Structures are given as structure tokens and as C-alpha cells.
There are 2 protein chains.
Amino acid sequence: MKRHTWQREAVREALGTTEGFVSAQALHARLRDSGSSVGLATVYRALADLAVEGDADSLQQEGESLYRACTPGSHHHHLICRRCGTTVEIAADPVEQWAHEVAAQNGFTRPDHVVDIFGYCVDCSKAL
Amino acid sequence: MKRHTWQREAVREALGTTEGFVSAQALHARLRDSGSSVGLATVYRALADLAVEGDADSLQQEGESLYRACTPGSHHHHLICRRCGTTVEIAADPVEQWAHEVAAQNGFTRPDHVVDIFGYCVDCSKAL
DNA sequence: AGCGTTTTTGACAATCATTCTCGATAAGGG
DNA sequence: CCCTTATCGAGAATGATTGTCAAAAACGCT
């Protein structure tokens, strides 16, 4: 059975109060700075669990996994600022359908997809 | 200036005769088995170069980078079999446009995107 | 509240892909 | 053929992530 611990709650909360994607390392550092004593391994475990349960989205960038809290249960994609990490959740209904069609046309079953858009957000566009 | 070496050519060719995505490690192993003496670091360097030059596509999966030869110069996406790695290049014009629009609507500039569809190919669907 | 069972934790070691280092090697131009 | 300079290769170094295992803490039960 799954147990409820203050560590997991701390990770969940830290992730929730974060703008954009964070790495496990960064989140651990932040927790430590806030006086928490969670272990690094625990943060990794908690994030992996959150991702499995659908309470967090994850993506790989430059060899590390980044996580972000997300509205649970809803399927969506992201628009991510390459510079500051700010993230906007976007619906992509037309793309969902397109993905299904393309998969079917090629005889593929159980299609799943990765759709993310990277760019520079308003502020960062100015700053360049 | 960029020099032409048999090592780079070997990597390029090995990649070209590969169905689906391969990891640098796997490609190196294959080259070694074929009697080649290329070093692992060289394979990594060659693949990174090919990706930059647009002669190879890359994607990250489970913490490792996978590469695949691709039709140079053309922008496209992939439909990848989760089980055997077979890959189909797909055009996604409607998605390209959609990505641009969504980015613009949110004030993002220089949009780039990652669009990949995973599933089970015809053969693997039967095998399950 | 007290107990026992079982999951979770955390410090550290271990792993694994990738990158760096640096002397040796070889491409290409002249 | 020679010289300059990019590239190679072997192994060390790095850095994120995962495994190990004894100690700590949840939860169900009484």
C-alpha cells in the first residue's frame, strides 16, 4: 500500500509552487535551502511516483529529467521557454487527432505521442 | 576546417544501414563487431556532428540519445515502434503551422518543436 | 496508546551514458 | 614530401540517476 509521508508532501508542494520545469537536483537543493532535510534519493523517488500517478509531467532535456506539476487527469502539451523555463500548458485537440490518423495509416497501434514546443517567451524575447 | 576521415564515414554508413534509432553505444558495438577499430568517443563525436549538420535525427529516450539517418534538409517527424524501433518518417505540415500559431498566440518567438509518435508497428502488434 | 508488519527513508556506494584530456596520428594544402 | 592542425583513441573524469541496506516511521489492529 502507498503511504503518506511528509517528504512526499514536501516534494509535491515544492513542485506545485514552481514556475516551469525543474530538475530533481534543483528541487532537492531548494528544499534543503528551505530547511527541509529530505534526501536526494527520496526526491527522485517522489518525482518518479508523481509522474506515474499523472500529477506531474516530465521531459528530458540535455541528459536530465525535468518535472513540473500539472493539472491531473487532463492530457495536454507544453510551450516552454528555452531560456527561463516558464511553461504554458496547451490543449492540442487537432494534433491528437492527427497523431491517431497518422498512426492508423501506417498500421501502428496504441499510439502515444510527444509534442512540445520550445521558444523564447515574451520577456526573454525582449532580453535578447 | 572539417576533415574527411574513414571513421566518420564508417559511422555515417553504419547509421545509414540501420533500421530505426540506435544509441551511440550500440552503433559502436556493431562497428567493433564488424572488425572496425573506431573508438567510442569518436562515434559520439561523429553522431553529434551528423545531427548538427542535419544528416541525422536524434531523440532522447530513457536517459540516452538515439540517432537515425534521415533525408537531409527536410524537416520531418517520426512514427516509432516502441518494441522493435522501426521508424517511419512523416510529414506534419498541419502540425508545423499549428505550432507556429500557438507560439505566436502566447507571445513566444523562435518556436521549435518536438513531435514524435510512439506505438506498435504492424508486426509487433501481431506479436503481442 | 501500544504492537507488529511493511513501506519508506537517507547516506553512500554503484552504475551508466557521455564528455574531457592529451599524446599520437593522419588529412589536406602548398 | 612536409607542415600545420583537426581528429583519433584509451582511459580518466563527470554528472545524473539508481541501488543497497539498516534505521525510522506509517498504518491497521487491538
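Letters A, B, ... are given to chains in the order of the sequence lines, protein chains preceding strands, and every chain is numbered from 1. The shown structure was predicted, so the numbers you read here are calculated from the model rather than taken from an experiment.
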Sequence-distant partners of A/H77, ring pair (Phe, Tyr, Trp, His ring centres under 6.0 Å), two or more places apart: A/H75, A/H113

Where DNA chain D forms stems, i.e. three or more consecutive Watson-Crick or G-U pairs with both distances under 3.5 Å: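 Counting only runs of 3 or more consecutive pairs, the stems involving DNA chain D are C:1-30 with D:1-30.
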
Within residues 57-70 of chain B: residues closer than 4.0 Å to DNA chain D (heavy atoms): none

Between [atom1] of [X] and [atom2] of [Y], what distance do you get to the nearest 0.5 Å?
X	Y	atom1	atom2	result
A/D116	A/Q60	CG	CD	11.0 Å
A/L27	A/S36	CG	OG	10.0 Å
B/R45	B/T42	CZ	OG1	4.5 Å

B/R110, CZ: over 12 other non-hydrogen atoms inside 6.0 angstrom: no

Other residues, nucleotides, ligands: >12 heavy atoms within 6.0 Å of A/H100 NE2: no

Pairs involving residues 69-83 of chain B, ordered by first then second residue, that meet salt bridge (charged side-chain N to carboxylate O under 4.0 Å, His left out) (sequence neighbours left out): A/D112-B/R82

Contact letters for nucleotides 1-14 of chain D, in which S counts primed atoms plus P, OP1 and OP2 and B counts the base, heavy atoms under 4.0 Å: ----BBSBBS----

Sidechain-backbone polar pair: B/H28 side chain, B/V38 backbone, donor-acceptor under 3.5 Å: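 Present.
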
Neighbours of DNA chain C within residues 18-29 of chain B, by heavy-atom distance under 4.0 Å: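 Heavy-atom cutoff 4.0 Å gives B/Q25.
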
Co-members of B/L59 in a cluster of I, L, V, M, F, W and Y side chains, linked at under 4.5 Å: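 Members besides B/L59, by chain and number: A/F21, A/L59, A/L66, A/I80, A/V114, A/F118, B/F21, B/L66, B/I80, B/V114, B/F118.
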
Connected-component partners of A/Y44 among ILVMFWY, side-chain separation under 4.5 Å: A/L40

Same cluster (ILVMFWY, side-chain, under 4.5 Å), A/Y120 and A/V88: no

Minimum side-chain heavy-atom gap A/V115-B/W98 below 4.5 Å: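 Sidechains of B/W98 and A/V115: in contact.
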
Which donor-acceptor pairs under 3.5 Å do the side chains of residues 2-11 of chain B make with protein atoms, sequence neighbours left out?
residue, atom, partner, partner atom, Å
B/K2, NZ, B/E53, OE2, 3.3
B/T5, OG1, B/R8, N, 3.2
B/R8, NH1, B/D49, OD2, 2.9

5' to 3' contact window, DNA chain C with chain A (heavy-atom distance under 4.0 Å):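 Counting from the 5' end, contacts occupy C/dT6 to C/dA11.
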
Within residues 47-72 of chain B or reaching into it, pairs that qualify as ring-ring contact (aromatic ring centres under 6.0 Å, His included) - sequence neighbours excluded: none

Would you mind writing out the side-chain donor-acceptor pairs for residues 12-19 of chain A within the sub-3.5 Å range, not counting sequence neighbours?
residue, atom, partner, partner atom, Å
A/R12, NH1, A/D55, OD2, 3.0
A/T17, OG1, A/E13, O, 3.3
A/T17, OG1, A/A14, O, 3.2
A/T18, OG1, A/A14, O, 2.6
A/T18, OG1, A/R30, NH1, 2.9

